[in-house]
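Take a look at the structure set out below.
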Amino acid sequence: MKRVVVGLSGGVDSSVAAYLLQQQGYEVIGLFMKNWHDDSVTISNECPWLEDSNDALLVAEKLGIPFQTVDLSEQYQEKIVDYMFSEYEKGRTPNPDVLCNREIKFEVFMKIAMSLGADYVATGHYCKKSEIEVDGKPVYQLLAGADNNKDQSYFLCQLSQEQLAKSLFPIGELTKPEVREIAAQMDLVTAEKKDSQGLCFIGKVRLPEFLQQKLQPKEGLIIQIDKNSPVYNLDIAQGLSIEDELVLEAKKIDYIPEMGKVVGKHQGAHYFTTGQRKGLNVGGTTDPLFIISTNVATNTIYTGLSNQHPGLFKKALFVEKSEVHWIRKDLALANGETMDVMARIRYRQPLQKATLHPFENGMYVSFEEPQSAITEGQFVAWYLGDELVGSGVIS
């Protein structure tokens, strides 16, 4: 009998995952990961970890499976929280959920599970795994979940073959309503529970307050750039190499205050991110202002009117060589090769037609349509059909 450790988060998805595994004849153990206990920055009463661990315990009791809590807050602090602070400080916007899966759930947590004699770790992610043979060896595929609305393959875009080999995703074939239906039939306490939002396992964190613990507020200017500014007349000269063209298309515009007009003040460029609309508190504009660029060195925020502002759009992005990650190592490209893929630059973004262009120093992803708010520090993930084959950090 194969033993599976399920990461019970206290939500409906992992509860049903545990139940389904039990039905499939696995020996199931429930483990709740406690990753955070600084209540000073969570919004009170919003999914505190105590309530979640309680719900996880009730589900385990209902299913009659062993249950325990593991405290991973030290590792979480070091691998996720400290990393987030250092990224924000550099003016980048990290994705804690992708990292939490790579560093905590499928790494630290997986090691604990294996030490309990588990054959697999299972989670309540909406994605699927399948196995094929390449050159006589098993190769694991990470596939989009059956529920188009809830597909969470993106969050697992940094997993490795070794991690996938030991992972199970029991609800990947189901839609969210079907999962809730099963939970209701089984009378699980989590059946009606709202989906958790916000950072994985931290509960709802007020991001600016969270960041203010480490990053001091400092006043700076908000500059508005006109959509007809000459800075957007990007002329790509004839006869450039493909690489030079991509460099230009992916290049970040270096704004300076003289290019626009001062429309307000802010409390720290490192609290803001490209594409953001809320929290600027600048009134009296005809259209909403969107952040088109932040500069943490000069502590300046550059904005533009409306979500169609040219400063928001780019046709290509770059991933440094060390940050290119192939789940399907057997499909990895050699320099100068290209691959047509479907890609997304954030969770829930509809897949976009794109081409991968690897070079000596890293890989360019060029899109058929210009993309809005390509954000440094976030992940781009690329797919062939419904298989997620690789990803990388946008640089």
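Numbers here are sequence positions counted from 1.
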### Query
If you round to the nearest 0.5 Å, how far is OG1 of Thr273 from CD of Gln378?
6.5 Å
### Query
So with a 6.0 Å cut-off around CD of Glu219, is the heavy-atom count from everything else above 12?
yes
### Query
Just by distance, do the side chain of Arg102 and the backbone of Leu159 share a donor-acceptor pair under 3.5 Å?
no
### Message
Within this structure, what is the CD1-CD1 distance for the pair Ile29 and Ile65, rounded to the nearest 0.5 Å?
### Response
8.5 Å
### Task
Would you mind checking if Lys111 and Glu107 are paired as a salt bridge, meaning a charged N to carboxylate O distance below 4.0 Å?
yes
### Query
Should Arg328 and Val139 be marked as a side-chain contact (heavy atoms from CB on, under 4.5 Å) after you check the CA-CA gap, both sets of side-chain angles, and the distance that decides it?
CA-CA 8 Å; Arg328 289 287 305 276; Val139 168; 3.3 Å; yes
### Query
Around atom NZ of Lys261, are there more than 12 heavy atoms of other residues, nucleotides or ligands at under 6.0 Å?
no
### Summary
Rounded to the nearest 0.5 angstrom, the CG-CZ distance for Leu351 and Arg344 is 4.0 Å
### Query
Any idea how Phe155 and Tyr347 line up, ring-wise: parallel (<30°), tilted (30 to 60°), or perpendicular (>60°)?
tilted
## Note on the structure
Rounded to the nearest 0.5 Å, the SG atom of Cys127 sits from the CD atom of Glu173 at a distance of 10.5 Å
### Query
Sub-3.5 Å donor-acceptor pair from the side chain of Thr375 to the main-chain atoms of Ala373, do we have one?
yes
### Task
Indicate the atoms forming the closest heavy-atom contact of Met110 with Gln163, along with that distance.
CE-O, 3.3 Å
### Query
Rounded to the nearest 0.5 Å, what separation is found between the CG atom of Leu168 and the CG atom of Leu20?
11.5 Å
### Query
Do Tyr364 and Met339 sit in the same hydrophobic cluster, where Ile, Leu, Val, Met, Phe, Trp and Tyr count as joined when their side-chain heavy atoms come under 4.5 Å apart?
no
### Task
May I ask you to say whether Asp52 pairs ionically with Lys193, meaning some side-chain N is under 4.0 Å from a carboxylate O?
yes
#### Entry: Parallel, tilted or perpendicular, as decided by the 30° and 60° cut-offs, for the rings of Trp326 and Trp382
perpendicular
### Side-chain ion pair, Lys176 and Asp195, N-O less than 4.0 Å
yes
### Query
Side chains of Met33 and Ile104: does their closest heavy-atom pair fall under 4.5 Å?
yes
### Query
Can you find a heavy atom in the side chain of Thr285 that is under 4.5 Å from one in the side chain of Val263?
no
#### Entry: Contact summary for Ser130 and Leu143, nearest pair of heavy atoms
OG-CD1, 3.5 Å
### Task
Evaluate the side-chain proximity of His266 to Asn299: yes if any heavy-atom separation is below 4.5 Å, no if none is.
yes
### Query
Given the side-chain rings of Phe32 and Phe67, with only the six-membered ring counted for Trp, is the space between their centroids under 6.0 Å?
no
### Message
Please report the interatomic distance CD(Gln22) to CD(Glu27), rounded to the nearest 0.5 Å.
### Response
11.0 Å
### Query
Would you find more than 12 non-hydrogen atoms of other residues, nucleotides or ligands less than 6.0 Å from Asp254 atom CG?
no
#### Entry: Side-chain H-bond candidate by donor/acceptor type, Asn101 with Gln158, under 3.5 Å
no
### Glu376 and its salt bridge (Lys or Arg N to Asp or Glu O under 4.0 Å) partner, picked from Lys252, Lys314, Arg92
Lys252
### Query
Can you tell if the side chain of Val341 reaches within under 4.5 Å of the side chain of Thr355, non-hydrogen atoms only?
no
### Message
Within the 4.5 Å heavy-atom criterion, are Asp119 and Tyr26 side-chain neighbours or not?
### Response
no
### CA sep, side-chain torsions, deciding dist, call: Gln371, Gln352, side chain to side chain donor-acceptor pair (under 3.5 Å)
CA-CA 9 Å; Gln371 298 298 303; Gln352 310 287 315; 3.1 Å; yes
### Message
Tell me if the CD atom of Gln185 is crowded by more than 12 foreign heavy atoms within 6.0 Å.
### Response
yes
#### Entry: Aromatic ring proximity, centroids under 6.0 angstrom, Phe318 and His357
no
### Query
Charged N to carboxylate O below 4.0 Å: is that the case for Lys105 and Asp97?
no
### Task
Report yes or no: is the cationic atom of Lys166 (NZ for Lys, CZ for Arg) closer than 6.0 Å to the six-membered ring centre of Tyr120, at no more than 45° off its axis?
no
### Task
Please say which of Asn149, Asp13, Asp147 ends up in a side chain to side chain donor-acceptor pair (under 3.5 Å) with Tyr126.
Asp13
### Query
Quick check: are there more than 12 heavy atoms from other residues, nucleotides or ligands sitting under 6.0 Å from CD1 of Ile242?
no
